[in-house]
**Student:** 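One structure coming up, written as structure tokens, with questions to follow.
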Amino acid sequence: MSAKTTASAPSPVPGLGLGPAPSEAVTPLIRGIAVLRQLTEAGGTMSPSGLERATGLARSTVDRITATLARMGYVRLDGRDAILTPRVMELGNAYLGALRLPALLSARADRLADELDESVSLAVADGDGIRFIHQATRRRAMSLSFRIGDLLPAERTAPGQLFATEWTPEVWQAWRTRRAEDPRNRAFPTVPPPPPGSAGDDEDFEARTARAAVENCAVDDQLIEPGLVAISVPVRGPRTGRIACVASVVSHTSRHTSAELRETLLPRLRVAVAAMEEYLRGAPRPEPGPRPAGLATWTGASKLELGREFIESLARGLTVLSAFDEGRAELTLTEVAKATGLARATARRALITYEHLGLVAATPHRGTFALTPRVLSLGFPPLSRTSLPRIAGPRLTNLANEIQETTSLAVLTERRDEIQYTARATAQHVMSVDIAVGTRLPARSTSTGALLLATPPPHGTSPSSAAPTYTLADEEPEQGVRTIAVPIHDRDGQVIAALGAATHVARRTAEECVHDILPALLATAAHIETDLHTAARFTHVPLT
């Protein structure tokens, strides 16, 4: 049963290119989604004036939306810009968790990439396009720029040919309409326009789809841009036999021609896909994780505190997406309302809005709803390749401003005999500790290194309960310098980095460092870990 109504509002949705919204749709939620999508397409950063132009919304509306998103932790306001934060990845994580495929298959895709020394991706269908849900890329001078959540037109990809073998007449008609209106793929900002003379006309795509149906595989022979080639095989779901996702090996013509992909890599890809399908058949049913708690209460309290600047209907609408996750892939209206603490009427209007925006779909099971891959368009792509220094940077700046001391993030080098500084923020003093990002120091001569050396290597070990809460060092690595550091843990509880602050011995005693600086260090480390754990749930977050 669909949550949609038949009545419609008189005007189209700003910034989304959609038709009239249902009368029960939540207009502030539609506008908030428009802002998130524009920030995503802009790479994660945009000025309010830029958002105003891109969405067609009034500046006052943009300001209220970004203030609300900032309160939720989805953006931070830095000078003139609104910047997406790792916390917005919670929305995409909800979809990927409910889908389960990344959790079940990503390790196998990574192993295949290592075995072949080529990039491997997993993609799902999104209307008449494809959207990536996992990327295992090779680090080369000629590397791929596609990210988890990026949307590509079906006709210019190998996975698109395979998904098209299962298209309904309605999807084929939508594709033909889109092709007629947008032959240069301007609606797909992650791909360049079709190369001159490329094999990309409608008849060619239909012929390639027919061949893919017969061969159960498909080739992308420089459809996206010259030099890029890929071979794809469908991964079919154990219950339906339909395509659950498509696994692809991606290379370039200096390494493999499309014919060589078929000859040398296709057999190994088929073996890997068969193993993926076997694993899916034996995978246990997911255990639902803890439901989000207190969301409705939190939004009400935020409204009381911030007043008109906080758009409660936007915040409450966004909490509906967090009701879905692993073990909660399909939910009824009642279950959504219970998970979020929202009234049924509020949850229902949010679901109506999301159906209109293509973010939620009614399932074949009567009365239930599921997230669609389009949820990944809400901030996920530009953040899916973030690093720990980028995550920590804004937190270090806030910490330096709070304690008025230089702050830094450091990791151990592979040999574990040196630390490398990967991020820093300075305080305003005439005399301050000045260590540039990238600097290496002997690990034993700093509080940061001492802390990291006190933790066993992460490979093959369990989280160390004996790791120190903090370390303090005097006159190291230089006379007059006093440093204090706390650990940063990954999702598995392993210590992977250290957060430190440095001062002059004349400015603070050791006791003052512990009393005044340590609590702020620990609080900042907790914030960094929260952001890191959100970002790293389905993506690889480099430490440097």
Side-chain angles (χ1 to χ4, degrees), residues 101 120-133 146 150-185 187-188 191-253 256-274 276-277 280 373:
L101 292 176
V120 172
S121 66
L122 300 176
V124 295
D126 187 354
D128 64 347
I130 68 128
R131 204 176 288 272
F132 294 110
I133 59 170
F146 294 134
D150 276 339
L151 179 68
L152 277 63
E155 68 275 6
R156 293 179 61 189
T157 68
Q161 300 165 46
L162 292 164
F163 286 121
T165 64
E166 296 183 345
W167 280 2
T168 63
E170 291 76 14
V171 178
W172 275 109
Q173 183 55 50
W175 172 76
R176 293 187 181 97
T177 300
R178 190 258 296 166
R179 288 283 293 160
E181 296 176 349
D182 184 23
R184 301 290 291 169
N185 295 144
F188 298 86
V191 297
S198 65
D201 59 83
D202 292 4
E203 291 184 3
D204 174 71
F205 177 60
E206 293 178 21
R208 286 186 282 117
T209 297
R211 182 179 180 183
V214 173
E215 298 181 344
N216 200 41
C217 69
V219 171
D220 167 4
D221 189 0
Q222 307 179 77
L223 294 171
I224 293 177
E225 65 180 19
L228 182 65
V229 290
I231 185 82
S232 298
V233 172
V235 180
R236 299 187 181 275
R239 289 187 300 171
T240 64
R242 294 176 61 83
I243 300 174
C245 67
V246 169
S248 303
V249 178
V250 187
S251 187
H252 50 84
T253 51
H256 297 282
T257 65
S258 61
E260 289 171 348
L261 288 181
R262 282 183 176 274
E263 181 179 349
T264 62
L265 299 189
L266 178 58
R268 296 158 80 178
L269 176 57
R270 288 195 190 278
V271 170
V273 166
M276 291 179 183
E277 292 177 338
L280 290 180

**Student:** Identify the two heavy atoms, one from His256 and one from Ser251, that lie closest to each other, and give their separation to 0.1 Å.
**Tutor:** CD2-OG, 3.6 Å
**Student:** Which pair of heavy atoms, one from Cys245 and one from Val124, lies closest together, and at what distance?
**Tutor:** CB-CG1, 4.1 Å
**Student:** Tell me the closest heavy-atom pair linking Pro193 and Arg184, and the distance in Å.
**Tutor:** CB-NH2, 3.3 Å
**Student:** Taking atom CG of Leu265 and atom OG of Ser248, what is their separation to the nearest 0.5 Å?
**Tutor:** 12.0 Å
**Student:** Do Ile224 and Thr157 come close enough that some side-chain heavy atom pair is under 4.5 Å?
**Tutor:** yes
**Student:** So do Arg270 and Asn216 actually touch side chain to side chain, heavy atoms under 4.5 Å?
**Tutor:** yes
**Student:** When you compare the side chain of Ile130 with that of Val246, does any pair of heavy atoms fall below 4.5 Å?
**Tutor:** no
**Student:** Please answer whether the main-chain N or O of Leu228 pairs with a side-chain N or O of Gln222 as donor and acceptor at a distance below 3.5 Å.
**Tutor:** no
**Student:** Would you find a donor on one side and an acceptor on the other, under 3.5 Å apart, between the side chain of Arg156 and the backbone of Leu223?
**Tutor:** yes
**Student:** Mind checking whether Pro153 and Arg178 have side chains closer than 4.5 Å, heavy atoms only?
**Tutor:** yes
**Student:** Nearest heavy-atom pair of Gly127 and Trp167: which atoms, and what distance?
**Tutor:** O-NE1, 3.9 Å
**Student:** Can you tell me if Glu166 uses its side chain to pair, donor with acceptor, with the backbone of Ile243 under 3.5 Å?
**Tutor:** yes
**Student:** For the CD atom of Glu206 and the CD atom of Glu203, what is their distance to the nearest 0.5 Å?
**Tutor:** 7.0 Å
**Student:** Would you compute the distance between atom CG of Leu152 and atom CZ of Phe188 and round it to the nearest 0.5 angstrom?
**Tutor:** 8.0 Å
**Student:** Does Arg131 offer a backbone N or O that forms a donor-acceptor pair with the side chain of Asp126 under 3.5 Å?
**Tutor:** no
**Student:** Quick check against the 3.5 Å criterion: does Glu263 have a side-chain atom that pairs as donor or acceptor with the backbone of Glu260?
**Tutor:** no
**Student:** Is Glu215 close to Gln161 at the side-chain level, that is, under 4.5 Å between some pair of heavy atoms?
**Tutor:** no
**Student:** Would you say that Trp172 contacts Thr209 through its side chain, given a criterion of any heavy-atom pair below 4.5 Å between the two side chains?
**Tutor:** yes
**Student:** For the CG atom of Asp128 and the CD atom of Glu170, what is their distance to the nearest 0.5 Å?
**Tutor:** 13.5 Å
**Student:** Should Ile133 and Leu101 count as side-chain neighbours, where that means a heavy-atom distance under 4.5 Å?
**Tutor:** yes
**Student:** Would you compute the distance between atom OG of Ser258 and atom CD1 of Ile231 and round it to the nearest 0.5 angstrom?
**Tutor:** 8.5 Å
**Student:** Could you please spell out the steps behind the side chain to side chain donor-acceptor pair (under 3.5 Å) verdict for Trp175 and Glu155?
**Tutor:** CA-CA 9 Å; Trp175 172 76; Glu155 68 275 6; 2.9 Å; yes
**Student:** Which atom pair, heavy atoms only, marks the closest approach of Phe132 to Ser121?
**Tutor:** CE2-OG, 3.6 Å
**Student:** Hey, what do you get for OG1 (Thr165) to CZ (Arg208), rounding to the nearest 0.5 Å?
**Tutor:** 13.5 Å
**Student:** Would you check if Val250 and Phe146 make a side-chain contact, meaning some heavy-atom pair closer than 4.5 Å?
**Tutor:** no
**Student:** Heavy atoms only: give me the nearest Pro238-Leu280 pair and the separation to one decimal.
**Tutor:** CG-O, 3.9 Å
